[in-house]
Each structure stands twice: as C-alpha cells, then as structure tokens.
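Report on the following structure.
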Amino acid sequence: MSDLGKVAVLYGGKSAEREISLMSGTAVLNALLARGVDAHGFDPRDRGLEQLLIEHYDRVFIALHGRYGEDGTVQGALELMGIPYTGSGVLGSALAMDKLRTKLVWEAAGIGAAPHVRCDAGIAPDFDGAVAMLGLPLMVKPVHEGSSIGMTKVARAQDLPEAFALAARYDSVILIEQFIEGTELTVGVLGDEALPVIRLETPRVFYDYQAKYFSDDTRYICPSGLPAKQEQAIQAASIEAFRVLACRGWGRVDLMLGQDGRSYFLEVNTAPGMTDHSLVPMAARVRGMSFDDLVIRILELARVGTD
Ligand SMILES: Nc1ncnc2c1ncn2[C@@H]1O[C@H](COP(=O)(O)OP(=O)(O)O)[C@@H](O)[C@H]1O
Ligand SMILES: [Mg+2]
C-alpha cells in the first residue's frame, strides 16, 4: 500500500458532530495502519491545515462530519494546496450540506423530494398556510444541521410554533416538510456503484439523534428484502440523486419510500459515519467488502480538481 503515500486522516474538528468524527476517524486510521499504509491522525481543531503541506502529505481521508469538514470548506483548502482528498469536491459538499438547496436542485432535475416550505428564523412564518399546503404531519428541520439535531415531527398544527422555535436555535433557515409515511431507506455510494440498500426500522417517532448514536432499538435490514427490481430502481435513482448534486467518490443517500411506492429523497451525506457499525460499512459487507477494503477503496478514489 506504499503507493498511497503518506496519508492524513482528518478527524475531530469543530462541528457539533466532533465526537462521532473522532470515532469514524479512529476506525479509518486503524484500518489503514492494518493494511500497512503510512497513515496519521490529524485533528484540524488543534493544527492548521497548512501543516499538511509542510509535512508532505500525499492524500487526505476526510473523516470529519458536519460543518468545517463535510461542507466544502476543508475541500476548498485542499484544492488550493493541491492535495487529493476523499469524497465530494467543493460544490457537491456545499450543496449536500444545505438541505434546502439540495431539494431545489432535485426538484429542478425531476428527482422526488418531500414538498416543503422555506422559512427564515427571524420572521414568524405563516403556520396555517404551511399546514394548508402540506397537510399533517410535518417535519421541521434546520437547513444545515446533521444527526437529526433540532428536528421535530409535528402532528398537530398548534405544536408547529414550538418546533419552529427549536429549529431556529440552530439555523437561520428552516424547512417545514411534508412528513412522508413509509419505509426509511439509505443507500451507500462507492465510486460509480450503489451498495445494497439498507432498510431502517425504528420504534421511535423518527430516526432521531438518540436512535442514531445511543440506543439499539433501530433495526438495520440489509439485504433490504425489497423485490430485486425495486431495489435496483432505488439504487439507480440514488446514484442519479448523488450525481446531480455534483457529489463524487463516496457517500450515503437517505430517502423515504412512500406508501405510494415513490421515492422521496431526504439528503446526501458526503462524509457519513465510518465506525465498523456504521451504515456504509454494513452495506459494503453485504456486498462482500470488508471494512478495511472499503477504507482502501475510498482512499484510492481520492482526487483533486473539479469534474
Ligand atoms: N420529510 C420527512 N418525512 C419523514 N421522515 C423524515 C423526513 N425528513 C426527515 N425524516 C426523518 O428524520 C431523519 C433525519 O432527517 P435527515 O433529513 O436525514 O437529516 P439528518 O441530516 O439529521 O440526518 C431521517 O432519517 C428520517 O427518519
Ligand atoms: Mg440523514
């Protein structure tokens, strides 16, 4: 693996998802070391990125989640330095971090997404108008956060102001979305390929922060059990949803399969969790790829430059 050169694994950072990133980065680093790669952990909270040039790094594995890592900023710095990095470039990363712009691109491209109303934190929205347009229940979410932070499912119109106020604590732009009843799916993307679809079943109101990181009551079903044709169609649509956002390399696409049989895409995660019980590694395993193989493959796809 010496041809991969000296590799920095970026982890930690300054976002709300720092702790998760430390777990992902540690797992990635251990996998690279196990494969004999000259890999080193690098926490951009403590060191300036210019150290990557000074210390002659050849490639970067980005295991940062959220702002300042998954949002195009670190990608921009690496572009300027000319150091190949894993995952999406500046544009794809920035678009995917913004759930509103993501939906606008998808809607323009004819890719299904939940109908929504956009609101600004400082301006009291027309709650009745939103309910009249979208119906109930609704999902209220900040546009930029991850890990289900600041999100509420609202079943009664009178609970909308409180949900809005919560989301407004995290972001200046808030999305009120139609709540899609149905089956939650997530699709890992590796290069040009969609990994096997994972079906999520949670006894909770939705797949919230607690469900994601702390409780073990969510079931992850992979192979998904969907009919083969439907699985393939969802994989193809997920690749399209990923590409139209200018995403590349690897990532994970979240969607709801509505009771009407249609796909409603929720978001793309451009640097999803990479602990050995994270979802992309789970799907890779079903596809016959070990965690270490997956990490190496993602690193081989590292690049610099816009497409
Ligand atoms: N419009 C929606 N309809 C139904 N469930 C939703 C909707 N939006 C989000 N969810 C639920 O909330 C979870 C988190 O939403 P998501 O948009 O993926 O944000 P995050 O970046 O926090 O993961 C999803 O995994 C899903 O369970
Ligand atoms: Mg999500």
Side-chain angles (χ1 to χ4, degrees), residues 15-17 20-21 24 64-67 69-71 93-104 106-107 111-119 130-131 133-155 160 163 166-167 169-171 173-189 197-215 217-221 238 241-242 245 247 251-260 262-273 278-280 283:
S15 86
E17 294 166 276
I20 313 297
S21 165
S24 291
L64 296 164
H65 306 315
R67 290 181 199 180
E70 199 174 349
D71 62 354
S93 301
L95 269 176
M97 182 55 53
D98 184 315
K99 292 189 175 112
L100 174 66
R101 268 72 181 201
T102 291
K103 287 165 72 88
L104 295 178
W106 281 342
E107 284 163 8
I111 291 170
H116 73 273
V117 169
R118 174 225 157 109
C119 313
V131 173
M133 188 180 147
L134 304 172
L136 288 166
L138 295 166
M139 199 61 152
V140 181
K141 52 174 103 166
V143 158
H144 292 100
E145 249 351 296
S147 297
S148 304
I149 292 165
M151 291 180 50
T152 314
K153 177 181 177 181
V154 173
L160 205 45
L166 175 71
R169 294 216 319 246
Y170 294 95
D171 218 313
V173 183
I174 290 103
L175 266 176
I176 302 180
E177 274 181 18
Q178 195 173 83
F179 189 93
I180 308 297
E181 311 276 3
T183 307
E184 175 151 12
L185 304 174
T186 191
V187 184
V189 177
V197 175
I198 300 176
R199 186 157 57 90
L200 284 75
E201 271 180 13
T202 174
R204 292 166 188 278
V205 174
F206 68 97
Y207 186 45
D208 60 13
Y209 188 78
Q210 200 66 22
K212 280 180 178 167
Y213 301 117
F214 299 106
S215 58
D217 55 7
T218 301
R219 289 180 61 213
Y220 303 98
I221 302 141
S238 300
F242 186 78
L245 276 189
C247 292
R252 212 190 74 223
V253 182
D254 292 345
L255 67 143
M256 300 297 302
L257 181 59
Q259 284 164 343
D260 55 7
R262 289 166 56 182
S263 294
Y264 294 86
F265 285 88
L266 294 179
E267 61 155 349
V268 173
N269 302 282
T270 52
S278 296
L279 299 175
V280 175

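No experiment lies behind these values; they were computed from the predicted model shown. Only this structure's heavy atoms are used, side chains among them; waters, hydrogens and symmetry mates stay out. Just so you know, ligand 1 is whichever comes first in the structure, and atom 1 is the first atom listed for that ligand.
Residue N269 has no N or O atom closer than 3.5 Å to an N or O atom of ligand 1. For ligand 1, one of its N or O atoms has an N or O atom of I180 under 3.5 Å away.
Short contacts between ligand 1 and D254, defined as distances under 4.0 Å to a heavy atom of the residue, involve ligand atoms 18 (O).
Across all their heavy atoms, H65 and P272 have their closest contact at CE1-O, 3.4 Å. I176 and L134 make their closest contact through O-CD1, 3.5 Å (heavy atoms, listed as atom of the first residue, atom of the second, distance).
Here OG of S278 is found 11.0 Å from CG of N269. Values are rounded to the nearest 0.5 Å. If you take CD1 on I180 and CG on L257, they are separated by 11.0 Å, rounding to the nearest 0.5 Å. For the atom pair CD of E184 and CZ of R199, the computed distance is 12.0 Å after rounding to the nearest 0.5 Å.
Residue K99 places a heavy atom less than 4.0 Å from ligand 1.
By the 6.0 Å contact criterion, CZ on R262 is open, its count of non-hydrogen atoms from other residues, nucleotides or ligands being 12 or less.
When K141, E17, M139, Q178 are checked for heavy-atom proximity to atom 11 (C) of ligand 1, M139 turns out nearest. When the options L266, T202, I149 are ranked by their closest heavy atom to atom 7 (C) of ligand 1, first place goes to L266.
Geometrically, K153 does not engage F206 in a cation-pi contact defined by less than 6.0 Å to the ring centre and at most 45° from the axis.
Protein nitrogen, oxygen and sulfur atoms, that is N, O or S, within less than 2.8 Å of the Mg ion (ligand 2) amount to 2.
Taking the charged nitrogens against the carboxylate oxygens, K103 and E177 do have a contact shorter than 4.0 Å, which makes a salt bridge.
R219 pairs by the salt bridge (Lys or Arg N to Asp or Glu O under 4.0 Å) definition with E201, not counting sequence neighbours.
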